[in-house]
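Each remark here refers to the structure printed beneath this line.
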2 protein chains.
Amino acid sequence: MGYTISQVAEKTSLSVYTIRYYDKEGLLPFVDREKGKRVFHDQDIEWIDLICCLKNTGMPIKDIRTFIQYCTDNDAVVDKGLEILIQHKHNVEQQIRDTQRSLETIEYKINHLPQMYKEKFSTHH
Amino acid sequence: MGYTISQVAEKTSLSVYTIRYYDKEGLLPFVDREKGKRVFHDQDIEWIDLICCLKNTGMPIKDIRTFIQYCTDNDAVVDKGLEILIQHKHNVEQQIRDTQRSLETIEYKINHLPQMYKEKFSTHH
DNA sequence: ATTTGACATAGAGTTCACTCTAGGCTTTAT
DNA sequence: ATAAAGCCTAGAGTGAACTCTATGTCAAAT
């Protein structure tokens, strides 16, 4: 019943340091304490998974904090949290499109590298 | 014939500071000088575009430097540059898949946020 | 002739997201 | 009873990628 910080570190592949850092930064206001020690439950892991997703898709820590604050404040504000999540979803979709465009450019450059090389660096010109 | 640093800044939407920084970091060894001032040509812009693509897809500066060094050394090593580019292409493809998975998680969480909220924060439990 | 503007360098400062150290407490094993 | 392991906090340190400041040069405009 309840995980220690190092068990959560294993489960989430975050370091213990990072989890404490996230807590310090206000990302984990929902974590319980027992005699000063953090005790994590399954729902907490779900929240941390979401936090990791947001981080991995480029949301800065302070925006994640804002999101979590909206979610923990009260029912009225959870909608604002939802709004942030939906907006971020659109950002990530755009991000995928941008990365795909970069990928196309990289593929193009792979095919044209010898030529780019010649034009610029060949002793021949 | 040839662009100034601020013209290149406009074209690439990098700042003048960033371009100088990249040069300092050895990313732009191909840029000519005239009386101490950098003079950029169209091929240089193509190289800078590639550099931006690599940066935007998460390649660290020092790896970009290595790549550029391979490309500028001599014909024998340009193949090594090509190899790096192809490897990076695979990384980016993986990165897109990862981001798509994160996106799916975010979509799932959007649908389950009210429930996650209730389970953890509702006064009712 | 002087002022303005764009360029240059060296190096300091900033921000972000960790990552680690020092020092302390508490439970468990020997 | 002492040592080891695992938790805690506060705060210092790190590395990446800029971003800016100070200072200086030089060419063109007034």
Side-chain angles (χ1 to χ4, degrees), chain A residues 1-41 44-45 48-69 88 91 95 98 102, chain B residues 1-41 44-45 48-69 88 91 95 98 102:
Chain A
M1 269 294 70
Y3 309 105
T4 66
I5 193 166
S6 51
Q7 286 171 327
V8 175
E10 278 242 336
K11 270 179 187 286
T12 59
S13 39
L14 295 172
S15 75
V16 170
Y17 295 143
T18 303
I19 296 171
R20 290 206 192 100
Y21 165 68
Y22 284 179
D23 198 7
K24 218 189 313 194
E25 290 298 305
L27 267 50
L28 315 175
F30 44 76
V31 176
D32 289 339
R33 298 277 180 140
E34 264 172 42
K35 300 191 184 186
K37 298 188 180 182
R38 292 174 187 86
V39 181
F40 298 78
H41 302 284
D44 300 339
I45 310 286
I48 293 171
D49 281 345
L50 176 53
I51 287 167
C52 289
C53 266
L54 296 177
K55 179 203 67 174
N56 292 337
T57 51
M59 189 185 284
I61 299 293
K62 67 174 168 35
D63 291 7
I64 300 179
R65 174 174 45 229
T66 303
F67 165 68
I68 292 289
Q69 272 165 0
H88 185 66
N91 296 348
Q95 190 182 307
D98 291 347
S102 287
Chain B
M1 272 292 69
Y3 310 104
T4 66
I5 193 167
S6 51
Q7 285 171 327
V8 175
E10 278 241 338
K11 268 178 188 289
T12 58
S13 38
L14 296 172
S15 74
V16 170
Y17 294 143
T18 303
I19 297 172
R20 290 206 193 100
Y21 165 68
Y22 283 178
D23 198 7
K24 217 187 317 192
E25 290 298 306
L27 268 50
L28 315 175
F30 44 78
V31 177
D32 289 339
R33 299 276 181 142
E34 264 172 42
K35 301 193 182 182
K37 298 190 179 180
R38 293 175 187 85
V39 181
F40 299 79
H41 302 284
D44 300 339
I45 309 288
I48 293 171
D49 281 344
L50 176 53
I51 287 167
C52 288
C53 267
L54 297 176
K55 179 202 67 173
N56 292 336
T57 52
M59 188 185 284
I61 298 294
K62 67 174 168 34
D63 292 7
I64 300 178
R65 176 175 43 230
T66 303
F67 165 68
I68 292 288
Q69 272 165 0
H88 185 66
N91 296 348
Q95 190 182 306
D98 292 346
S102 288

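Chain letters run A, B, ... following the sequence lines, proteins first, then strands; residues in each count from 1.
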- Query: Near DNA chain C, which residues from residues 4-22 of chain A have a heavy atom under 4.0 Å away?
  - Reply: A:Tyr17, A:Thr18, A:Tyr21, A:Tyr22

- Message: Applying a 4.0 Å non-hydrogen cut-off, can you work out what B:Lys55 is touching in the nucleic acid: base, sugar-phosphate, or nothing?
- Response: sugar-phosphate

- Query: Hey, are the side chains of A:His41 and A:Val39 touching, using non-hydrogen atoms and a 4.5 Å cut-off?
  - Reply: yes

- Message: Give me the atom names and distance for the closest heavy-atom approach of B:Ile19 to B:Phe40.
- Response: CG2-CZ, 3.9 Å

- Message: Contact between B:Leu14 and B:Tyr22 at the side-chain level, heavy atoms closer than 4.5 Å - yes or no?
- Response: yes

- Query: In residues 30-37 of chain A, what residues come within less than 4.0 Å of DNA chain D, judged by heavy atoms?
  - Reply: A:Arg33, A:Gly36, A:Lys37

- Quickly work out the B:Arg65 CZ to D:dG15 P distance and round it to whole Å. 15 Å

- Task: Quickly work out the B:Lys24 NZ to D:dC20 P distance and round it to whole Å.
- Result: 14 Å

- Message: Nearest 0.5 Å, please: how far is CE in A:Met59 from OG in B:Ser102?
- Response: 12.0 Å

- Note on the structure: Atom CG of A:Asn56 and atom C1' of C:dC18 are separated, to the nearest Å, by 14 Å

- Task: Could you check how far CD of B:Glu25 sits from C1' of D:dA17, rounded to whole Å?
- Result: 9 Å

- Atom CG of A:Leu27 and atom C1' of C:dC18: how far apart are they, to the nearest Å? 13 Å

- Message: Within the structure provided, determine whether B:Ile51 and B:Leu28 are in side-chain contact (heavy-atom separation under 4.5 Å).
- Response: yes

- Message: I'd like to check B:Asn56 versus A:Asp98 (side-chain heavy atoms, cut-off strictly below 4.5 Å). Are they in contact?
- Response: no

- Query: Can you check whether A:Arg38 has a side-chain N or O nearer than 4.0 Å to OP1 or OP2 of D:dT9?
  - Reply: yes

- Spacing between A:Phe40 atom CZ and D:dC7 atom C1', to the nearest angstrom: 11 Å

- Query: What do you reckon, is CD of A:Glu10 surrounded by more than 12 foreign heavy atoms closer than 6.0 Å?
  - Reply: no

- Are any of the side-chain heavy atoms of B:Cys53 and B:Asp49 separated by less than 4.5 Å? no

- Message: Could you tell me how far apart A:Asp23 (CG) and D:dC8 (P) are, to the nearest whole angstrom?
- Response: 9 Å

- Item | Name of the residue among B:Asp44, B:Asp23, B:Thr4 meeting side chain to side chain contact (heavy atoms under 4.5 Å, CB included) with B:Arg38 | B:Asp23

